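Being a predicted model, the structure only gives us computed values, none of them experimental.
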Amino acid sequence: MVAGALLVVSFVVMVAGAVVFTNAVEWAGARLDLGHGAVGSVLAAVATAMPESLIPVVAIIQGRQAGEIAVGAIVGAPFLLATLAMAVSATAALAYRARRGSARLRPDRNAIGRDLLVVLGALPLAIVVGLSGALWLRLAGAVVLVAGYVVVIGKTIIAARQEGSEDEPAALYFDTTKDDPPNAFQVLAQTVVSIGMLVGAAELFVNSIEHLAHGLGADALVLTLVIAPLATELPEKINSVLWIRQDKDTLALGNITGAMVFQTMPLVAFGMVFTDWRLTAPSLAAMLAALAGTALSLTAVQHAGRWPVPFIGCWAGLYIAGVATIIAVA
């Protein structure tokens, strides 16, 4: 009963935090002279990926089933983003088609396509290293992923600055005057508070889910592969829905694909160094589903933003099939 109530509270706080965060991060991007591509793929993606990124770190520090929890959290995040999150985003465009004037998503194809291509390169590397488990290969793979991430972020920022931002964001919530552009302190304060809300709500959500799942005797690896990402990835999905409602598709999808880049490069590199990074059957199933979902997303982007119902069904189907396989082979 208590766990169920806390679950509802955490969801409400997470929604509120996402609303405050999207507003703050747009102003942060404007003050740093970043375009929408960099705001979504770098600032929003990395910040909202913090809750799920903290799970493997905390697990390793505390040493409680570190390998299973850490690997499960790292692998589960891109699995959910490449499947369910994409389905939710496309569904939001359909739901708000009257407000937007179209049911199609119209992101910056170059920026989003670049993120997806990077993920399509990083995931097979993570799988190959995970099937081998050799120490030298893990260390070499980690170096390649971290170096590649630095290059990708640099190119994303340069390209986004050249394109510029589309329009001025809505008034900052922490700006009491509402007359002049907010100052740096107000933007920073709202960003910190909103991230704190997101992290705290995600942690409460995960703890509540754990208590409920443990009562049913759930496996730790299945828990982190399926339930933990579902909770901690809510910020990405909520932020994207809010931006799609505002017809800011590059921000919305960049938030998701940027998080996928972060989680398949530096976060996987962390797993390669601090765990044995051996992919068991459930983890491998999640990685393969993420790979298929990413390839499908790239196909959708190449179709000039035409994200029809069949794409939504395929993403949702991949997620359901992935979860069923994870449970079956656990």
Side-chain angles (χ1 to χ4, degrees), residues 3-4 6-8 10-11 49 51-56 58-60 64-88 91 119 123-124 126-131 133 202-237 256 259-260 263-264 267-268 271 275-297 311-330:
L6 291 176
L7 196 64
V8 174
S10 67
F11 182 75
E52 62 269 25
S53 302
L54 290 174
I55 293 176
V58 172
I60 290 173
R64 296 181 305 180
Q65 295 177 294
E68 288 188 345
I69 294 177
V71 173
I74 293 171
V75 172
F79 160 57
L80 187 140
L81 288 175
T83 55
L84 186 60
M86 285 295 183
V88 169
T91 302
V119 175
L123 281 174
I127 292 173
V128 169
V129 175
L131 292 176
E203 181 66 20
L204 180 59
F205 198 121
V206 171
N207 288 337
S208 302
I209 287 289
E210 284 180 339
H211 286 301
L212 292 174
H214 286 324
L216 301 174
D219 181 79
L221 179 60
V222 173
L223 181 69
T224 51
L225 271 174
V226 179
I227 301 178
L230 186 62
T232 56
E233 294 297 347
L234 281 176
E236 280 92 338
K237 294 194 290 294
I256 293 174
M260 290 167 62
Q263 289 157 347
T264 56
L267 200 56
V268 166
T275 74
D276 61 6
W277 195 250
R278 290 188 179 275
L279 298 181
T280 59
S283 299
L284 183 59
M287 292 288 271
L288 291 175
L291 189 61
T294 303
L296 182 65
S297 301
F311 279 109
I312 299 175
C314 288
W315 280 312
L318 277 172
Y319 177 75
I320 293 171
V323 171
T325 303
I326 289 169
I327 295 174
V329 302

Student: Would you confirm whether Trp277, through its side chain, and Ala126, through its main-chain N or O, come within 3.5 Å as a donor-acceptor pair?
Tutor: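 Here the side-chain-to-backbone pair exists.
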
Student: For Thr294 and Ala82, which heavy atoms make the closest approach, and how far apart are they?
Tutor: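 In this case the closest contact between Thr294 and Ala82 is OG1-CB, 3.7 Å.
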
Student: Of Leu318, Val323, Leu225, which is the lone residue that meets side chain to side chain contact (heavy atoms under 4.5 Å, CB included) with Phe79?
Tutor: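 With Phe79 as partner, side chain to side chain contact (heavy atoms under 4.5 Å, CB included) holds for just one option, Val323.
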
Student: How far apart are the closest heavy atoms of Ala285 and Thr325, and which atoms are they?
Tutor: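 Taking Ala285 first and Thr325 second, the nearest heavy atoms are CB-CG2, 3.7 Å.
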
Student: Could you report the tightest heavy-atom contact between Val75 and Ala286, atom names first, then the distance?
Tutor: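 Shortest heavy-atom separation between Val75 and Ala286 comes out as CG1-CB, 3.6 Å.
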
Student: For Gln263 versus Ile74, what's the shortest heavy-atom pair and its separation?
Tutor: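 So the minimum-distance heavy-atom pair works out to O-CG2, 4.3 Å.
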
Student: Can Leu284 and Leu131 be said to form a side chain to side chain contact (heavy atoms under 4.5 Å, CB included), step by step?
Tutor: CA-CA 9 Å; Leu284 183 59; Leu131 292 176; 4.2 Å; yes

Student: Output the distance between atom CD1 (Ile127) and atom CE (Met287), rounded to the nearest 0.5 Å.
Tutor: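 It is 5.0 Å, given to the nearest 0.5 Å.
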
Student: CG/Leu296 to CE/Met86 distance, rounded to the nearest 0.5 angstrom?
Tutor: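 Reported to 0.5 Å precision, the distance equals 9.0 Å.
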
Student: If you compare all heavy atoms of Thr264 against all heavy atoms of Pro78, which two are closest, and at what distance to 0.1 Å?
Tutor: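 Thr264 and Pro78 have their closest heavy atoms at CG2-CB, 3.8 Å.
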
Student: Any chance you could measure Trp315, atom CH2, to Ser297, atom OG, to the nearest 0.5 Å?
Tutor: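 Reported value, rounded in 0.5 Å steps: 5.0 Å.
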
Student: How close do Ile256 and Ala85 get, counting heavy atoms only, and between which atoms?
Tutor: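 It is CD1-O, 3.8 Å.
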
